[in-house]
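A short worksheet on the structure shown next.
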Amino acid sequence: MARKQQLPVYVSLEEAADMMSLSTRTIRRRISDGTIPAYQCGRRAIRIRVDELEAALRRIPSARW
């Protein structure tokens, strides 16, 4: 029996901004500077993979960690 491959989950700019507690403008800036990869579906709809959104986070170095 063939295993079904799980498809990645895509979210809209608004959903990504809500998930990250950021504005949609900040999400757009991160897409422009290449920090967050995004995909275009059709002429206008922009989607972001949830796993790539999470990967865009980086840990801030601290003496306590």
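Atoms considered below: every heavy atom in the structure, side chains included; atoms not considered: hydrogens, waters and symmetry mates. Since we're looking at a predicted model, the values are computed, not measured.
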Would you check if Pro37 and Arg49 make a side-chain contact, meaning some heavy-atom pair closer than 4.5 Å? no

Pairs touching residues 36-45 that satisfy side chain to side chain donor-acceptor pair (under 3.5 Å), sequence neighbours left out: Tyr39-Glu52

If you link I, L, V, M, F, W and Y whenever their side-chain heavy atoms are under 4.5 Å apart, who else ends up in the same group as Leu22? Val9, Val11, Leu13, Met19, Met20, Ile27, Ile31, Ile36, Ile46, Ile48, Val50, Leu53, Leu57

Scan residues 24-40 for pairs that pass salt bridge (charged side-chain N to carboxylate O under 4.0 Å, His left out), counting only residues two or more places apart or in two chains. Arg30-Asp33

